[in-house]
Amino acid sequence: LHGDNLAYVIYTSGSTGKPKGVSLPHHALAEHAQVATGFFGLSAADRMLLFSTVNFDGFIEQLFAPLCIGAAIVLRGPALWDSEAFYRELINKRITVVDLTTAYWFLLAQDFARHGSRDYGLLRQVHAGGEAMSPEGIKAWRDAGLGDITLLNTYGPTEAMVTATALDCRHHPSNDAAQVSIGKPLAGRHIHLLDGNLAPVAPGVPGELCI
């Protein structure tokens, strides 16, 4: 087996609406599994929820990162949990780390906020990615009493190996109008904002995000 050998192909439409196969090599998979153990903060004592299905690239880091560090993986099963089922499973299965789609996380935050502050068991870190995170969601998260649990806003197209950037939202301004940044690049990634000639744009000038 060589690093450039194909590890998997995932079909994604991205922003184009046309499905395309994205092929990722073994060296990228191996490198990202190691990087993910770092930004997940994983240890062998963790119990990570395998939330994603196999056809979504989030599955890759939710499966291989905990396996590489010797952590436990909690299988969600075929049914998508509602907020009460999620809370029940969180407590009963002693889940410590969760990686969710942003839309699902937002619904959880809203439902949990309606309950007010309560015990969340061993949960210590949550990631949300897949679309833009809203300040409203962060406010609901804090209203639910989850402000001390690490919340990361993660971003990355499939071509960049699942996750390319992350932002720790615990220090995000409480101002609802403040946009939520995609954060800083993870190890092994570099972010550039370029103009039409592929030259860096000046600070404050819109450009194309190149990873």
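Computed from a predicted model, the values in this text were never measured in an experiment. All values below were derived from every heavy atom in this structure, side-chain atoms included, with hydrogens, water molecules and symmetry-related copies excluded.
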Salt bridge (charged side-chain N to carboxylate O under 4.0 Å, His left out) involving [X] - partner list, sequence neighbours excluded:
| X | answer |
| --- | --- |
| Lys93 | Glu89 |
| Arg47 | none |
| Arg170 | Asp168 |

Could you see if [X] belongs to whatever hydrophobic cluster contains [Y]? Use Ile, Leu, Val, Met, Phe, Trp, Tyr and a side-chain cutoff under 4.5 Å.
| X | Y | answer |
| --- | --- | --- |
| Ile91 | Phe112 | yes |
| Leu75 | Leu90 | no |
| Ile149 | Ile95 | yes |
| Ile69 | Leu122 | no |
| Met48 | Val35 | yes |

Are any non-hydrogen side-chain atoms of [X] and [Y] less than 4.5 angstrom apart?
| X | Y | result |
| --- | --- | --- |
| Glu61 | Asp99 | yes |
| Val97 | Leu42 | yes |
| Pro200 | His192 | no |
| Arg189 | Ile211 | yes |
| Lys184 | Leu167 | no |
| Ile73 | Leu63 | yes |
| Asn55 | Tyr11 | no |
| Leu29 | Leu24 | no |

Without swapping roles, check the side chain of [X] against the backbone of [Y] for a donor-acceptor pair under 3.5 Å.
| X | Y | result |
| --- | --- | --- |
| Thr165 | Ile182 | yes |
| Gln62 | Ser52 | yes |
| Arg124 | Gly41 | yes |
| Asp111 | Leu108 | no |
| Thr163 | Thr154 | no |
| Arg76 | Ala79 | yes |
| Trp141 | Leu146 | yes |

query = Is there any ring-ring contact (aromatic ring centres under 6.0 Å, His included) pair reaching into residues 29-58, and which pairs are they, with sequence neighbours excluded?
reply = Phe39-His127, Phe40-His127, Phe51-Tyr104

Taking all atoms of both residues into account, what is the closest heavy-atom pair of [X] and [Y], and its distance?
| X | Y | answer |
| --- | --- | --- |
| Ala7 | Pro25 | CB-C, 3.9 Å |
| Ser43 | Ala71 | O-CB, 3.4 Å |
| Thr102 | Ala132 | CG2-O, 3.6 Å |
| Val9 | Ser23 | CG2-CB, 4.1 Å |
| Ala140 | Ala113 | O-CB, 3.4 Å |
| Gly137 | Ala109 | O-CB, 3.8 Å |

message = Looking at Asp148, I'd like to know if its CG atom is crowded, meaning that more than 12 non-hydrogen atoms belonging to other residues, nucleotides or ligands lie closer than 6.0 Å.
response = no

inquiry  = I'd like to know whether CD of Glu131 has more than 12 heavy-atom contacts from other residues, nucleotides or ligands below 6.0 angstrom.
reply    = yes

[atom2] on [Y] to [atom1] on [X], rounded to 0.5 Å:
| X | Y | atom1 | atom2 | answer |
| --- | --- | --- | --- | --- |
| Asn153 | Cys169 | CG | SG | 5.0 Å |
| Ile10 | Glu159 | CD1 | CD | 10.5 Å |
| Lys20 | Thr12 | NZ | OG1 | 7.0 Å |
| Leu152 | Gln125 | CG | CD | 5.0 Å |
| Glu208 | Leu193 | CD | CG | 9.5 Å |
| Leu186 | Glu31 | CG | CD | 12.5 Å |

task = Using ring-ring contact (aromatic ring centres under 6.0 Å, His included) as the criterion, list what pairs up with Tyr87, not counting sequence neighbours.
result = Tyr120

ask   = Who pairs with Phe106 by ring-ring contact (aromatic ring centres under 6.0 Å, His included), at least two apart in sequence or on another chain?
value = none

request  = Could you tell me whether the side chains of His172 and Gln179 share a donor-acceptor contact shorter than 3.5 Å?
outcome  = no

request  = For side chain to side chain contact (heavy atoms under 4.5 Å, CB included), just list the numbers for Met133 and Trp105, CA-CA rounded to whole Å, side-chain angles, deciding distance to a tenth of an Å, and then say yes or no.
outcome  = CA-CA 9 Å; Met133 180 181 280; Trp105 164 82; 3.8 Å; yes

task = Step by step, work out the side chain to side chain contact (heavy atoms under 4.5 Å, CB included) result for His27 and Asp4.
result = CA-CA 6 Å; His27 75 83; Asp4 289 332; 3.4 Å; yes

inquiry  = Does this structure show an ion pair linking Arg118 with Glu84, if we count only N-O contacts that are shorter than 4.0 Å?
reply    = yes

message = Does Ile191 form a side chain to side chain contact (heavy atoms under 4.5 Å, CB included) with Tyr155? I'd like the steps, not just the answer.
response = CA-CA 12 Å; Ile191 302 297; Tyr155 167 79; over 6 Å; no

request  = Any chance you could lay out the side chain to side chain contact (heavy atoms under 4.5 Å, CB included) test for Phe59 and Thr53, step after step, and finish with the verdict?
outcome  = CA-CA 6 Å; Phe59 176 91; Thr53 54; 6.0 Å; no

